[in-house]
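Written out below as structure tokens is the structure these notes cover.
Not measured: the values here are computed from a predicted model.
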Amino acid sequence: AASLHNEEIAAYSVDSLRQLGMKYLERVELPSFTFQNAILKPFVVLFRNCQSTTIRLLIVDCIFHIVRSKGVNIKSGWQSVFMVFDAAAYEEAESVVEV
């Protein structure tokens with residue numbers, strides 16, 4: 001739904017995904033598991049597939065919020081976090097790059 005052309009629905013979907021990610025990051029991840037990466041991976045897919053600058057900015061803001069509030073709990077999720085930030089660094093829209 002987040003890749004739809006309706007930005008309101010896309011924004012709602014991204015925010016719901018953020019809330020879900022925050023809940024999962026409250027749990028301790030065991031060393032051999034990668035559920036955090038799996039939970040945060042949709043942000044990467046959405047960022048790469050979404051054409052809307054507004055939604056891309058929202059995705060970067062969500063990831064930034066997740067890192068600020070749950071950064072100490074992130075283990076395998078760092079891979080997806082850096083994939084979003086890497087994709088954002090190459091974004092043409094200056095507002096996304098500046099975040």
Side-chain angles (χ1 to χ4, degrees):
S3 61
L4 292 176
H5 298 292
N6 186 331
E7 286 191 357
E8 290 180 20
I9 294 173
Y12 182 81
S13 300
V14 170
D15 186 58
S16 296
L17 186 60
R18 178 194 58 82
Q19 292 175 35
L20 182 64
M22 295 285 283
K23 275 294 196 193
Y24 270 93
L25 288 172
E26 290 176 359
R27 301 177 183 187
V28 176
E29 183 178 59
L30 298 174
S32 60
F33 289 85
T34 60
F35 73 86
Q36 289 179 353
N37 189 42
I39 285 295
L40 297 176
K41 187 76 167 183
F43 286 107
V44 178
V45 174
L46 290 173
F47 190 90
R48 289 181 177 166
N49 294 331
C50 184
Q51 301 300 316
S52 168
T53 301
T54 304
I55 299 303
R56 286 182 168 198
L57 183 58
L58 178 61
I59 292 168
V60 172
D61 285 343
C62 286
I63 291 293
F64 183 73
H65 177 74
I66 288 170
V67 169
R68 283 193 55 172
S69 60
K70 303 293 182 188
V72 295
N73 295 345
I74 299 175
K75 293 186 181 2
S76 70
W78 285 113
Q79 181 179 4
S80 291
V81 167
F82 286 120
M83 288 174 79
V84 169
F85 289 155
D86 181 61
Y90 291 102
E91 174 65 31
E92 291 179 13
E94 196 172 307
S95 60
V96 176
V97 176
E98 288 177 353
V99 174

Problem set entry | Tyr12 OH to Leu58 CG distance, which is reported to the nearest 0.5 Å | 13.5 Å

Exercise. Under 4.5 Å between side-chain heavy atoms, hopping through other hydrophobics if needed: is there a path connecting Val45 to Val60?
Worked result: no

Which donor-acceptor pairs under 3.5 Å do the side chains of residues 72-79 make with protein atoms, sequence neighbours left out?
residue, atom, partner, partner atom, Å
Asn73, ND2, Leu25, O, 3.0
Ser76, OG, Glu29, OE1, 3.0
Ser76, OG, Glu29, OE2, 2.8
Ser76, OG, Asn37, N, 3.2
Trp78, NE1, Ile74, O, 3.0
Gln79, OE1, Asn37, ND2, 3.3

Problem set entry | Point-to-point distance, once rounded to the nearest 0.5 Å, from CZ of Phe35 to CG of Leu30 | 7.5 Å

For this session: State the OG1-CD distance between Thr53 and Glu91, to the nearest 0.5 angstrom.
Result: 5.5 Å

Problem set entry | Separation between CE of Met22 and NZ of Lys70, rounded to the nearest 0.5 Å | 5.0 Å

Exercise. According to the salt bridge (Lys or Arg N to Asp or Glu O under 4.0 Å) rule, which pairs have a member within residues 33-49, sequence neighbours left out?
Worked result: none

For this session: May I ask whether Ile39 and Val28 are part of the same hydrophobic cluster, defined by side-chain heavy atoms of I, L, V, M, F, W, Y residues being less than 4.5 angstrom apart, directly or through others?
Result: no

Exercise. Under 6.0 Å from the CD atom of Glu8, do we count more than 12 heavy atoms belonging to anything else shown?
Worked result: no

For this session: Take atom OH of Tyr24 as the centre, draw a 6.0 Å sphere, and report whether it contains more than 12 heavy atoms from other residues, nucleotides or ligands.
Result: no

Exercise. How many angstroms lie between atom CG of Asp61 and atom CZ of Arg56, to the nearest 0.5 angstrom?
Worked result: 14.0 Å

For this session: Measure the spacing between OG1 of Thr34 and CG of Leu40 and express it to the nearest 0.5 Å.
Result: 11.5 Å

Problem set entry | Partner set under side chain to side chain contact (heavy atoms under 4.5 Å, CB included) for Leu17, not counting sequence neighbours | Pro42, Phe43, Leu46

